[in-house]
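Working notes for the structure below.
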Number of protein chains: 2
Amino acid sequence: MKKPAQETRQHILDITKSLMTNKGYTAVGLAEVVTAAGVPKGSFYYYFKSKEEFGHALLDEYFSEYLSKVDTMLNTDGPAAERLLSYFRYWADSQGTDLPDDKCLVVKLGPEVCDLSEDMRLVLKKGTDAIIGRIAKCIAQGHADGSIPAGTEAPVLAESLYQLWLGASLLAKLGKDGAPFDTALSAMERLLH
Amino acid sequence: MKKPAQETRQHILDITKSLMTNKGYTAVGLAEVVTAAGVPKGSFYYYFKSKEEFGHALLDEYFSEYLSKVDTMLNTDGPAAERLLSYFRYWADSQGTDLPDDKCLVVKLGPEVCDLSEDMRLVLKKGTDAIIGRIAKCIAQGHADGSIPAGTEAPVLAESLYQLWLGASLLAKLGKDGAPFDTALSAMERLLH
DNA sequence: AGATTACTAGACGACTGGTCAGTTATACGC
DNA sequence: GCGTATAACTGACCAGTCGTCTAGTAATCT
């Protein structure tokens, strides 16, 4: 009957992600977490030393998954400009109204938890820096292969694009409508040329 | 000894704004609100029928103040491009690390409360639409007076800029650092020309 | 069998948003 | 001026939930 070590811990993390995505960090209580995961309440503190460490782990997990997804998307063949475009098309698709999962935790949890815990803030900072780094790398490749005209330094342009799409996600969330992504897409095209 | 009608209500709203800005909606309990405002707990429910209505009022208040500030900034003399620039310079200044007040509630509370209450979501939606509207109007004036070259329709460009700065605020919050605003400023300049 | 690790039940005190009977202040009729 | 009706306001209290902890059981290893 014994589960492999840490499998339960992972299960809690997996199950809870969509809970957090929908309701936020503070609004989701431990009781809800353990019920959803089908884990006894008392066990929670065996796997996590506090709710904060739990949130920390959740964010860590999220970024590592997200970054590996980004890496596969940005490291395919073809012109860098096209790869970049397909990444942001994926962004628009996944953040659209419907799907419950895969939502951007940076937008949803970032503002809430970064003031609650310095630890979580640092995870968010490191994660977003990494994402911008991947975008910057792809832009630099675009400069090299000629698919993206030079003009703005890759890291700066990358941060601009990320900001733009973060803001678009926020507006899409507030409006329950994917239209802001069209706006972001067109602005991005202008920034790239 | 009697206070003018609704003065206490207003006082609660005023005092609480910075609390919410720093800790978030769910994380701030009624007890903290009433203590900070120096108002008896029981009175809270005389002025507000629920915490949700209170949050609703807080956001309403925020947008009305913010919009009037934007209006005075965007309705001065001079070329529209300059007025626009001064608005976003104010944005960068006010959202910078130091000042406790005047923080953008759209970034801080938006993602958290829009899933908690449809009412609050609609206030946020209406408010952000209004802000974008003011920016769009200024851009249109810029098209007319020649200070902003034509190329992108004013409403679309306005939404792009707002997205960009919203995202910059989020990154600035996560990094406790105003650098993202420089990035946004330079991206904005490219979008405007 | 004994030692060690893996896991869990349940209760802890503090605190949550919310209620309402009761008190205090104002307004009005005489 | 006084009595009374009405509005303005309040604090003790509610049921429920919060995150946390500890004493304990169950499983595994030596």
Side-chain angles (χ1 to χ4, degrees), chain A residues 1-17 19-20 22-60 109 112-121 123, chain B residues 1-17 19-20 22-60 109 112-121 123:
Chain A
M1 227 21 194
K2 164 142 177 280
K3 305 265 188 64
Q6 303 300 355
E7 187 186 289
T8 304
R9 183 189 148 104
Q10 190 59 47
H11 176 64
I12 298 177
L13 252 15
D14 290 342
I15 290 287
T16 314
K17 183 153 56 179
L19 266 186
M20 290 285 181
N22 290 330
K23 319 202 356 178
Y25 175 78
T26 311
V28 172
L30 263 4
E32 198 172 355
V33 170
V34 298
T35 312
V39 168
K41 168 96 176 275
S43 297
F44 183 90
Y45 281 87
Y46 175 72
Y47 297 108
F48 305 97
K49 76 177 227 279
S50 67
K51 191 190 182 186
E52 179 180 344
E53 196 209 69
F54 166 65
H56 184 122
L58 196 82
L59 290 174
D60 258 340
L109 298 185
E112 181 186 355
V113 306
C114 77
D115 292 323
L116 250 41
S117 146
E118 186 69 4
D119 263 10
M120 289 199 254
R121 202 204 104 226
V123 176
Chain B
M1 226 21 192
K2 157 121 181 294
K3 306 266 189 62
Q6 304 300 357
E7 188 186 287
T8 304
R9 184 187 147 105
Q10 190 58 48
H11 175 65
I12 298 176
L13 254 14
D14 291 342
I15 290 287
T16 315
K17 183 151 57 179
L19 267 187
M20 290 284 181
N22 291 331
K23 318 202 357 177
Y25 176 78
T26 311
V28 172
L30 263 4
E32 198 172 356
V33 169
V34 298
T35 312
V39 168
K41 169 91 173 283
S43 295
F44 181 90
Y45 282 88
Y46 176 74
Y47 296 107
F48 306 96
K49 77 177 226 280
S50 67
K51 191 190 182 186
E52 181 181 344
E53 196 208 71
F54 165 65
H56 184 122
L58 196 82
L59 290 173
D60 258 339
L109 298 185
E112 181 185 356
V113 307
C114 78
D115 292 324
L116 252 39
S117 146
E118 186 70 3
D119 263 12
M120 287 198 255
R121 202 203 104 227
V123 176

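We name chains A, B, ... by the order of the sequence lines, and we start the count at 1 in each one. Note: hydrogens, waters and symmetry copies are ignored here, and every other heavy atom, side chains too, is used.
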- Round to a whole Å and report the spacing from CZ of Arg9(B) to P of dA8(D). 14 Å

- Message: Using a 3.5 Å distance criterion without hydrogens, assess whether the side chain of Glu112(B) forms a donor-acceptor pair with backbone atoms of Gly24(B).
- Response: no

- Item | Minimum-distance nucleotide (side-chain atoms of Tyr45(B) versus dT20(D), dC9(D), dG17(C)) | dG17(C)

- Note on the structure: Test side chain to side chain contact (heavy atoms under 4.5 Å, CB included), reference Phe44(B), set Val39(B), Val33(B), Thr8(B), output is Val33(B)

- Task: Taking the side chain as every heavy atom from C-beta outward, state whether Asp115(B) and Asn22(A) have any atom pair closer than 4.5 Å.
- Result: no

- Message: By nearest heavy atom, map Lys51(B) and Phe44(A) onto DNA chain C; which one lands nearer the 5' end?
- Response: Phe44(A)

- Message: Using whole Å, what does the distance between atom P of nucleotide dG10(C) and atom OH of Tyr46(A) come to?
- Response: 20 Å

- Note on the structure: Atom CD of Glu53(B) and atom P of dG17(C) are separated, to the nearest Å, by 15 Å

- Would you tell me if any nitrogen or oxygen in the side chain of Tyr47(B) comes within less than 4.0 Å of OP1 or OP2 on dA8(D)? no

- Decide yes or no for Tyr45(B) and Glu53(B): does some side-chain heavy atom of the first lie under 4.5 Å from some side-chain heavy atom of the second? no

- Item | Pairwise side-chain contact, His11(B) with Tyr47(B), heavy-atom cut-off 4.5 Å (strictly under) | no

- Hey, is the side chain of Ser43(B) poking within less than 4.0 Å of OP1 or OP2 on dT10(D), counting only N and O atoms? yes

- Query: Does the side chain of Ile12(A) come within less than 4.5 Å of Phe48(A)'s, by heavy atoms?
  - Reply: yes

- Task: Take the protein atom CD of Glu52(A) and the nucleotide atom C1' of dC18(D), then report the distance between them rounded to whole Å.
- Result: 16 Å

- Using a heavy-atom distance cut-off of less than 4.0 Å, which residues of residues 34-41 of chain A contact DNA chain C? Pro40(A), Lys41(A)

- Query: In whole angstroms, how far is the C1' atom of dC20(C) from the NZ atom of Lys49(B)?
  - Reply: 18 Å

- dC9(D) C1' sits how many Å from Glu7(B) CD, rounded? 15 Å

- Query: Is a donor on one side and an acceptor on the other found under 3.5 Å between the side chain of Ser43(B) and the backbone of Tyr46(B)?
  - Reply: no

- Query: Over how many whole Å does the gap from Leu30(B) atom CG to dT19(C) atom C1' extend?
  - Reply: 12 Å

